[in-house]
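Whatever order the structure lists them in is the order used to number ligands and atoms, beginning at 1. Computed from a predicted structure; not experimentally measured.
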Amino acid sequence: MSDPTANAAPGGSRPADLQARAARLDATDELAKLRDRFQLPDGVVYLDGNSLGALPTGVAQRLAEVVTREWGTSLIGSWSDGTWWTAPERIGDKLSPLIGAAPGQTVVGDSTSVNLFKALVGAARLAGPGRTRMLVDAATFPTDGYIAGSAARMTGLTVVPTDPADIPAALGEDTAVVLLNHADYRTGRLHDLPALTRAAHAVGAITVWDLCHSAGALPVGLDAHAVDLAVGCTYKYLNGGPGAPAYLYIAARHQQAFDSPLPGWNGHADPFAMTPDYAPAAGATRGRVGTPDILSMLALESALDAWDGVSIEAVRAKSLALTDFFLECVAAYVPEGAVESVTPAEHAHRASQVSLRTENAREVMAELISRGVVGDFRAPDVLRFGFTPLYVGFADAERAARTLGHIFG
Ligand SMILES: *Cc1c(COP(=O)(O)O)cnc(C)c1O
């Protein structure tokens, strides 16, 4: 180590140079201080916030208060004092700015899978009769495909698995619904939400966007791009906690006609009238089903405080800088040919992760984790690294790449 050039990385950059650059980038990063809003174990580089976001600092105390005071002491009164019953809409409005939605269109509850079911059947009903096809991202996260298959069967549609790049050509007057992921969970490819939504609307189809891998990582602009329906989870980039409730966005212009396939009593116009007939509530509330999971929901509400004063545009800028820098460090440290990025190099097509294809990916990831760099593995051969700008810095990116280099070195 006495001769620094002896330690030169394959790409030519020396670790000392990249480490110095990382330190400079962290020192000038306006978002760096946000890391204090999270509790993270010392010595760990956490690049799996796209699977399970880190724990925001206020959540444990808030949950303890909800359990001991709101549940333990106030008991049933907590339902009626206004904070529990209205939590799905209140928290929906709280996260709405992150997805570019005006208030009143987003309701929190249930899982992403369940909300997808509501959205897809609701979309088929909005599209009306005479249309026969549901175009579904061919590379989708599995649950979306499974749910789409069932929703299509129930509504008399045929699922057509379609590469998002082929959607414009596949669209026709017979298309009822288009289900797309904003970002591909495996490759980190960002799909063109504005253009694909416009194309779908040109033939009168209803769009359903899954935002699981984009919300909290980059601007989504649901209202600005006239998306019809959207769903997403809150335990990835939104840090809501394991199994935190998901959300359903119903654009204001569709709310009156949105006909949920799961018309539970929480979505009723007058739930406590206990009437035998269903009358949907106005607004996004009709997307509710049954009694909300209050503990998870209020944990999410507290977790969203981590976003106070944070602009999603600044998050996007840092995310791109982080993934650029990580790719540069990987090129410098990892022997040529050992890994291949399957994440698009162009910013316009990149979400907030880097996926590297390699042989023995499962074993490589296990080794990385044992060395304190936590990403994840996706079958059959992908190493996934999620970059969450609220708590990941440039030194983390450098160390992750350097550790990967050591494993191959
Ligand atoms: C994470 C993820 C889900 C998760 O669905 P759950 O119902 O919360 O288990 C669904 N779709 C996509 C695209 C995801 O990335």
Visitor: Less than 4.5 Å apart, any side-chain heavy atom of R378 and any of S51?
Guide: yes

Visitor: Taking the side chain as every heavy atom from C-beta outward, state whether E328 and D324 have any atom pair closer than 4.5 Å.
Guide: no

Visitor: With the threshold set at 4.0 Å, does a side-chain nitrogen-carboxylate oxygen contact exist between R253 and D223?
Guide: no

Visitor: Strictly below 4.0 Å, N to O, side chains only: are K94 and E301 in salt-bridge contact?
Guide: no

Visitor: Around ligand 1, what residues show up once you keep those with a heavy atom under 4.0 Å from it?
Guide: S111, T112, S113, F141, T143, D144, N181, D210, C212, H213, Y235, K236

Visitor: Please tabulate, one pair per line, all N/O donor-acceptor pairs under 3.5 Å involving side-chain atoms of residues 142-157, not counting sequence neighbours.
Guide:
unit_1: T143; atom_1: OG1; unit_2: S113; atom_2: OG; d: 2.9
unit_1: T155; atom_1: OG1; unit_2: A151; atom_2: O; d: 2.8
unit_1: T155; atom_1: OG1; unit_2: A152; atom_2: O; d: 3.4

Visitor: Looking at R288 and E89, is any side-chain nitrogen of the basic one under 4.0 Å from a carboxylate oxygen of the acidic one?
Guide: yes

